[in-house]
Q: 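Pasting in a structure now, in structure tokens, and then I'll have a few things to ask.
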Amino acid sequence: MPSNTRPTQAHFVAPIDETPLVAIDSVKADGKPTNLWTDAWRDVRKRPMFWISSALIVLIVVVALFPALFTSVDPRYCQLSLSNQGPGDGSVLGYNRQGCDIYSRIIYGTSTSLSVGLIVTFLVASLGIFFGALAGFYGGWVDAVLSRLGDIFFSIPYILAAVVIMSVLSQYASVWTISLAIGIFAWPATARVLRAEILRVKNADFVMAATAVGVTRLRILIRHVLPNSIAPVIVITTISLASAIVAEATLSFLGVGLPSSTMSWGNDISQAQVDLRTNPQTLILPSIALSVTVLSFIMLGEVVRDALDPKARAQR
């Protein structure tokens, strides 16, 4: 075969340096296996917002459980002679219109507001997980019926529904009544999020493998699909707790929430609105406590959401 190279022309071939396959495909055999929750924990523990929100939430829970550790003043002991007086001896934040210690009422009102938030969150998560899991996994007529049911509840603003229910059941107003009035209309958002996640997960290979070996559908849902779909629900549940606390304060402020004899931040804000111009601290101070609590749970929810979202981690 004739050559294209002339006799007087030198012919060079560039050396080819190949990267060994071992360097490309090497895997640390001694490394610990990771999963979504391990990666999420590694991410959140590096973020100051997680520790700040967690510290505030722990403090709020301790105050709600052990209010006597933070004040020795009886929140129900009031003296009209001390009405609207500012901070002084025996009072850190002053007195309200009835002569009750503002600081003591804020401390003891924490348990009421937090209890409503926890009960509503438990109810919303339970109903949302139940209906969302059944609708997303079984599909067909089950999905159609439950989705339409969720649309009916979703079309009704839960604050408006709670106002109507509490107005009708005003003589039975309590922490449990207001929690049921809020939670029974607030679950569709959780159900929708879980349904969408289950629709994505149920077509995964591990679900097909479990079906192939004869595992029942209910067991597949509980043991495989639901644990791998629950991450968005945790995020929305954390944020819904803050929304429930705000809803309780809103209903109490409107006069259709907890009875006036029950100490809560919403009741104190409602009673202090008449003194907003002359004695604004009676309204501002409970509002600050409410805002800090709600902000703490929202901050925690934001951090958890970013940690459980691989795309959000990749962008940072």
Side-chain angles (χ1 to χ4, degrees), residues 113-170 173 175-203 221-222 225-254 256-258 266 290 293-295 297-302 304-306 308-309 312:
S113 300
L114 190 61
S115 297
V116 172
L118 292 175
I119 296 173
V120 171
T121 301
F122 176 79
L123 184 61
V124 168
S126 300
L127 293 175
I129 291 174
F130 179 77
F131 290 117
L134 293 181
F137 186 73
Y138 288 100
W141 67 268
V142 176
D143 185 17
V145 172
L146 294 181
S147 296
R148 299 297 78 75
L149 179 64
D151 291 340
I152 294 173
F153 279 87
F154 198 80
S155 63
I156 304 174
Y158 67 90
I159 290 292
L160 178 60
V163 168
V164 175
I165 292 176
M166 294 304 297
S167 298
V168 175
L169 303 177
S170 58
V175 170
W176 288 98
T177 306
I178 195 173
S179 299
L180 291 174
I182 298 172
I184 202 170
F185 287 93
W187 60 267
T190 303
R192 282 189 172 187
V193 171
L194 182 61
R195 173 184 175 274
E197 191 68 13
I198 285 182
L199 288 174
R200 181 187 65 85
V201 174
K202 75 174 186 178
N203 295 320
L221 173 61
I222 297 175
V225 176
L226 195 56
N228 288 279
S229 308
I230 204 68
V233 177
I234 295 177
V235 177
I236 196 173
T237 299
T238 305
I239 298 177
S240 66
L241 195 151
S243 301
I245 295 176
V246 173
E248 180 274 324
T250 302
L251 294 175
S252 298
F253 180 81
L254 295 175
V256 293
L258 297 172
L290 176 65
T293 303
V294 172
L295 181 62
F297 285 103
I298 292 178
M299 288 169 55
L300 181 62
E302 293 289 336
V304 173
R305 183 195 63 186
D306 293 343
L308 293 177
D309 186 3

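Just so we're clear, the structure is a prediction, and the values are computed from it rather than from any experiment. Atom set for the values below is all heavy atoms of this structure, side chains included, hydrogens, waters and symmetry mates excluded.
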Q: Restricting to non-hydrogen atoms, name the atom on Leu251 and the atom on Ala162 that form the minimum distance, rounded to 0.1 Å.
A: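 Looks like CD1-CB, 3.7 Å.
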
Q: State whether the number of non-hydrogen atoms from other residues, nucleotides or ligands found under 6.0 Å of Leu169 atom CG is greater than 12.
A: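 More than 12 within 6.0 Å, yes.
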
Q: Is the closest side-chain heavy-atom distance between Val124 and Thr237 below 4.5 Å?
A: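 Side-chain contact under 4.5 Å: no.
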
Q: Can you find a pair of side-chain heavy atoms, one from Leu180 and one from Ile165, that are under 4.5 Å apart?
A: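 A side-chain contact under 4.5 Å is absent here.
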
Q: Might you point out which heavy atoms bring Ser229 and Val201 nearest each other, and give the distance in Å?
A: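 For Ser229 and Val201, the tightest heavy-atom pair comes out as OG-CG2, 3.4 Å.
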
Q: Find the distance between CD1 (Ile298) and OG1 (Thr293) and round it off to the nearest 0.5 Å.
A: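 Atom-to-atom, Ile298:CD1 and Thr293:OG1 are 11.0 Å apart.
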
Q: Between CG of Leu134 and CG of Leu194, what distance do you get to the nearest 0.5 Å?
A: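 Between atom CG of Leu134 and atom CG of Leu194 there are 9.5 Å.
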
Q: Search all heavy atoms of Ile182 against all heavy atoms of Glu248 and return the closest pair with its distance.
A: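 Heavy atoms of Ile182 and Glu248 come nearest at CD1-N, 4.0 Å.
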
Q: What closest approach, in Å, do Ala247 and Ile159 show between heavy atoms, and which atom pair accounts for it?
A: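 In terms of heavy atoms, the two residues are closest at CB-CD1, 3.5 Å.
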
Q: Using side-chain heavy atoms (C-beta onward) and a distance below 4.5 Å, is Val304 in contact with Thr238?
A: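 A side-chain contact is absent here, since even the closest heavy-atom pair is not under 4.5 Å.
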
Q: State, to 0.1 Å, how close Val175 and Ser115 come at their nearest heavy-atom pair, and which atoms those are.
A: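 Val175 and Ser115 have their closest heavy atoms at CG1-CB, 4.3 Å.
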
Q: Are there over 12 heavy-atom neighbours, none belonging to Phe130, within less than 6.0 Å of that residue's CZ?
A: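 Atom CZ in Phe130 is not crowded, with 12 or fewer foreign heavy atoms closer than 6.0 Å.
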
Q: Any heavy-atom pair between the side chains of Leu160 and Phe185 that's under 4.5 Å?
A: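 Phe185 vs Leu160: side chains apart.
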
Q: Quick one: CG on Leu146 to CZ on Phe131, what's the gap to the nearest 0.5 Å?
A: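 One gets 6.5 Å once the value is rounded to the nearest 0.5 Å.
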
Q: Which atom pair, heavy atoms only, marks the closest approach of Leu290 to Ala249?
A: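 The answer is CD2-CB, 3.7 Å.
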
Q: Quick check for you: to the nearest 0.5 Å, what is the distance between Glu302 atom CD and Phe297 atom CZ?
A: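 Nearest 0.5 Å value for the CD-CZ distance: 14.5 Å.
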
Q: Okay, side chain of Lys202, backbone of Gly136: is any donor-acceptor separation there less than 3.5 Å?
A: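 Present.
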
Q: I'd like to know whether CZ of Phe153 has more than 12 heavy-atom contacts from other residues, nucleotides or ligands below 6.0 angstrom.
A: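 Buried by this count: over 12 neighbours within 6.0 Å.
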
Q: Have a look at Ser179 and tell me which of Leu118, Val120, Ile184, Leu123 forms a side-chain contact (heavy atoms from CB on, under 4.5 Å) with it.
A: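 The option that passes is Val120.
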
Q: Is any side-chain heavy atom of Arg195 closer than 4.5 Å to a side-chain heavy atom of Asp143?
A: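 Yes. Closest side-chain heavy atoms under 4.5 Å.
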
Q: So, do Arg200 and Asn228 sit near enough that their side-chain heavy atoms are less than 4.5 Å apart?
A: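 SC-SC contact between Arg200 and Asn228 ruled out.
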
Q: Nearest 0.5 Å, what's the OG1-CE distance between Thr177 and Met166?
A: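 It is 5.5 Å, given to the nearest 0.5 Å.
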
Q: Out of curiosity, Ile119 CD1 to Leu114 CG, how far, rounded to the nearest 0.5 Å?
A: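 Answer for the CD1-CG pair, Ile119 versus Leu114, is 10.0 Å.
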
